[in-house]
Amino acid sequence: MTVKTRFAPSPTGYLHVGGARTALFSWLYARKHGGTFVLRIEDTDLERSTTDSVNAILEGMTWLGLEYDEGPFYQTRRFDRYNEVIEDLLQRGLAYRCDCSKERLEALREEQMKHKQKPRYDGHCRNRHVDADAPHVIRFRNPMEGIVVVDDMIRGKVAYDNAELDDLIIRRSDGSPTYNLTVVVDDADMGITHVIRGDDHLNNTPRQINILRALGKEPPRYAHVPMILGDDGARLSKRHGAVSVMQYREDGFLPEALLNYLVRLGWSHGDQEVFSLDEMIELFDIEDVNKAPSSFNTDKLLWLNQHYIKQSDPKHIAHLLSPHMGKLGIDPAEDGPDLVEVVEAQQERAKTLVEMAEISAFFYKEFEEYDAKAAKKHLRPVAQAPLERAREALERLDDWRPEPLHKAVADVADALDLNMGKVAQPLRVAVSGRAATPGIDVTLYLVGKDATLRRIDRALEHIRQRAAASS
RNA sequence: GCUCCCUUCGUCUAGUGGUCUAGGACGCUGGCCUCUCACGCCGGUAACAGGGGUUCGAGUCCCCUAGGGAGUACCA
């Protein structure tokens, strides 16, 4: 049997991390078994579905690299097929028309709740032969006895009493089919062998199995993955910030980091934390997914992101960094140092691309003002002599490369009988405005000679003004 | 309310009756390295929800309780 999995989001919002993880698991399972991965858009809720959402989901999938082999299929384009199935069910007496009013249903629910019962349709229209021309919905005639067992690859066997299930609506009064009918028809028609989906669908599964059986189809294997909770253990929501996958790109995360983070949420392979895509495909197994929900931990994602930034090819990072520099009004291609060299210098210093852009901006443009603490600590009168001497030495230096630069700064320190830090720190603040940058030699190299000399003058002026102000 | 699901360090997890005085990772923290920051390296912190069983022996099996979650829609 060839494995065929699917990801079936409803386009009522962007792709969030929970959906992304479900998609990842489905994708991995298909890839691992040399199977097929299908994307299906479940847009039968005409009210809430939007094309913007469809695009957002597609964009998210693409960014993560979860390419699908078939689809996207849209359920709204398959209404004829659903109607055909519904008609067949009606013919065979496995479904029936119902014209119960909302008021009646409402009253029924309240009554049942009052008697501490589970609210469910009472089968009022089961044998009433409602006129097809009158407004009505169509309900599935659920078996009244027996049990349905969901044999879940993650949960094990979960049994439901048919008596607990009621006759659900499979076609609305406006003629559109509902979720529980469409999934079942689509999964069967598309030959889905493994349904890997969110935990919230576990309770729907027995109903779906019943419909499947009515259709004379064999149920697929099911795997219900637990949901993802926010940092605080509560349900993941907008409140938790970046829940949209695309927001992570905005925030400077690498797709490989997010993927790696997501695959480890609820799944593990011994003590291994870092997985390449190939390793994931090789080692992943749906049976190893945990049953318990897990909390999203941004700190760990950040750590993984830094890990991937560190070990990636600087050219690759530079390519991804460029747009973030652009947001700061910098076009690295225009002038200034080679962005790849900047990345090499900053690779171990940034957890995100956004952060890397921020700490690298001074290589390309004048910084507005000094970091207050850094200036207070390092641009003091005692720094005047080191800066003046450094300026002289650097102005004389023609070979503007890290090694000679290092020697030049070290020589100034020696000549003044100071520690390297006493010269390097004022210099660092002078040329970058901040207290932390890559090594002073690389920093000066990347800033360039003209800007270095200019900024040292600016710093010396700053020191003079400060001295004047305090006297 | 009812049905179903879940429960190991703060978080992600290892653990499938004895090797668990419970391992790894993130975080936090002490130190080393060092021109700053970071990286790296060495060390520390911290958990089997509670109670009953079963067993020579339970984190591992069973039951109960508690706490979380999902569903209970003419949403998906």
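In what follows, chains carry the letters A, B, and so on, assigned in the order in which the sequence lines appear, proteins first and then strands, with residues in each chain numbered from 1. These figures come from a predicted structure and were not determined experimentally.
A cation-pi contact, defined as under 6.0 Å to the ring centre and within 45° of the axis, links A/R458 to A/F367. The side-chain tip of A/R434 does not point at the ring of A/F362 from less than 6.0 angstrom away and within 45° of straight on.
With distances taken from any side-chain atom of A/Y160 to the nucleotides B/rC4, B/rA76, B/rG71, the minimum falls on B/rC4. The side chain of A/S10 sits closest to B/rA76 out of B/rA76, B/rA70, B/rU36. Each of B/rC6, B/rC2, B/rG1 was ranked by its minimum atom distance to the side chain of A/E164; first place goes to B/rC2. Checking B/rA25, B/rC6, B/rC39 against every side-chain atom of A/E273, the shortest atom distance belongs to B/rA25. Closest to the side chain of A/I169, from the set B/rC74, B/rA76, B/rU3, is B/rC74. For A/H201, the listed nucleotide lying nearest its side chain is B/rA76; candidates were B/rA76, B/rC74, B/rU3. In the set B/rA70, B/rA14, B/rC26, B/rA14 carries the atom at the smallest distance from any side-chain atom of A/S268. When distances run from any side-chain atom of A/D299 to the nucleotides B/rG1, B/rU13, B/rC26, the shortest one goes to B/rC26. When the nucleotides B/rA73, B/rC6, B/rC74 are ranked by their closest atom to the side chain of A/L105, B/rC74 comes out on top.
Across B/rU7 and B/rC64, the matching C1' atoms stand 15 Å from one another, rounded to whole Å. Taking the P atom of each, B/rG18 and B/rC2 are spaced 39 Å apart, rounded to whole Å. If you take atom P in B/rU19 and the same atom in B/rU60, they sit 14 Å apart, rounded to whole Å. If you take atom P in B/rU54 and the same atom in B/rA47, they sit 29 Å apart, rounded to whole Å.
Residue contacts shown for A/S294 are limited to sugar-phosphate atoms, with no base heavy atom under 4.0 Å away. Using a 4.0 Å heavy-atom criterion, one finds that A/Q306 contacts the sugar-phosphate atoms exclusively.
For the pair A/I86 CD1 and B/rC74 P, the computed distance is 15 Å after rounding to whole Å. The CG-P distance, from A/N204 to B/rU3, rounds to 18 Å in whole Å. Following rounding to the nearest Å, A/I170 (CD1) and B/rC74 (C1') show an atom-to-atom distance of 12 Å. If you take CG of A/N162 and P of B/rC2, they are 21 Å apart, rounded to a whole angstrom. Look at OH on A/Y179: it is 13 Å from C1' on B/rA70, rounded to the nearest Å. Between A/Y308 atom OH and B/rC39 atom C1' the separation is 18 Å, expressed in whole Å. Look at CG on A/N290: it is 13 Å from C1' on B/rU16, rounded to the nearest Å. B/rU11 atom C1' lies 11 Å from atom CZ of A/R264, rounded to whole Å.
For A/K118, the salt bridge (Lys or Arg N to Asp or Glu O under 4.0 Å) partners are A/E164, not counting sequence neighbours. The side chain to side chain donor-acceptor pair (under 3.5 Å) test applied to A/Y308 returns A/N260, not counting sequence neighbours. Remark: A/K407 engages A/D411 in a side chain to side chain donor-acceptor pair (under 3.5 Å) (not counting sequence neighbours). When the salt bridge (Lys or Arg N to Asp or Glu O under 4.0 Å) test is applied to A/R81, the partners found at least two apart in sequence or on another chain are A/E84, A/D189. Judged as a side chain to side chain donor-acceptor pair (under 3.5 Å), and not counting sequence neighbours, the contacts of A/T76 are A/D43. Applying the salt bridge (Lys or Arg N to Asp or Glu O under 4.0 Å) test to A/R389 and every residue at least two apart in sequence or in another chain returns nothing. Residues satisfying the salt bridge (Lys or Arg N to Asp or Glu O under 4.0 Å) test with A/E145, not counting sequence neighbours, are none.
Remark: A/R207 is not in phosphate contact with B/rU72, judged by side-chain N or O atoms under 4.0 Å from OP1 or OP2. An OP1 or OP2 oxygen of B/rU36 is reached within less than 4.0 angstrom by no side-chain nitrogen or oxygen of A/T443. Between A/N297 and the phosphate of B/rA25, there is no side-chain N or O to OP1/OP2 separation shorter than 4.0 Å. OP1 and OP2 of B/rG1 both lie 4.0 Å or more from every side-chain N or O belonging to A/Q112. Phosphate proximity of B/rA73 to A/K102: absent, as no side-chain N or O sits under 4.0 Å from OP1 or OP2. Contact annotation: A/K291 side-chain N/O to B/rC6 OP1/OP2 distance is under 4.0 Å.
Put simply, the side chain of A/R155 and the base of B/rC5 share no donor and acceptor less than 3.5 Å apart. Remark: the A/S173 side chain and the B/rC74 base include a donor-acceptor N/O pair separated by less than 3.5 Å. In this model, a side-chain donor or acceptor of A/N203 finds a partner on the base of B/rA70 within 3.5 Å.
Surrounding CG of A/D174 are more than 12 heavy atoms belonging to other residues, nucleotides or ligands, all under 6.0 Å away. In A/E47, the CD atom is not crowded: 12 or fewer heavy atoms of neighbouring residues, nucleotides or ligands sit closer than 6.0 Å.
The ring-ring contact (aromatic ring centres under 6.0 Å, His included) pairs that include a residue from residues 157-190 of chain A are A/Y179-A/H201, where partners are two or more places apart or lie in different chains.
Side-chain atoms of A/V185 and A/I211, non-hydrogen and from C-beta on, never get closer than 4.5 Å to each other.
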Taking distance alone, no hydrogens or angles, what donor-acceptor pairs closer than 3.5 Å link side-chain atoms of residues 435-445 of chain A to residues at least two apart or in another chain?
from, atom 1, to, atom 2, distance (Å)
A/T437, OG1, A/R428, NE, 2.8
A/T437, OG1, A/T443, OG1, 2.9
A/T443, OG1, A/P438, O, 2.8
A/T443, OG1, A/G439, O, 2.8
A/Y445, OH, A/E341, OE1, 3.1
A/Y445, OH, A/E341, OE2, 3.0

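Here the straight-line distance linking atom CZ of A/R78 with atom CE of A/M190 works out to 4.5 Å at 0.5 Å rounding.
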Could you list, one pair per line, each protein nitrogen or oxygen that sits under 3.5 Å from a nitrogen or oxygen of nucleotides 31-35 of chain B, together with the distance?
from, atom 1, to, atom 2, distance (Å)
B/rC35, O4', A/G421, N, 3.4
B/rC35, O2, A/R428, NH1, 3.0
B/rC35, O2, A/R428, NH2, 3.0
B/rC35, N3, A/I440, N, 3.2

Distances under 3.5 Å between nitrogen or oxygen atoms of protein and nucleotides 48-50 of chain B:
none

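Taking every heavy atom of residues 45-53 of chain A and every atom of RNA chain B, pairs under 4.0 Å involve A/D45, A/R48, by number.
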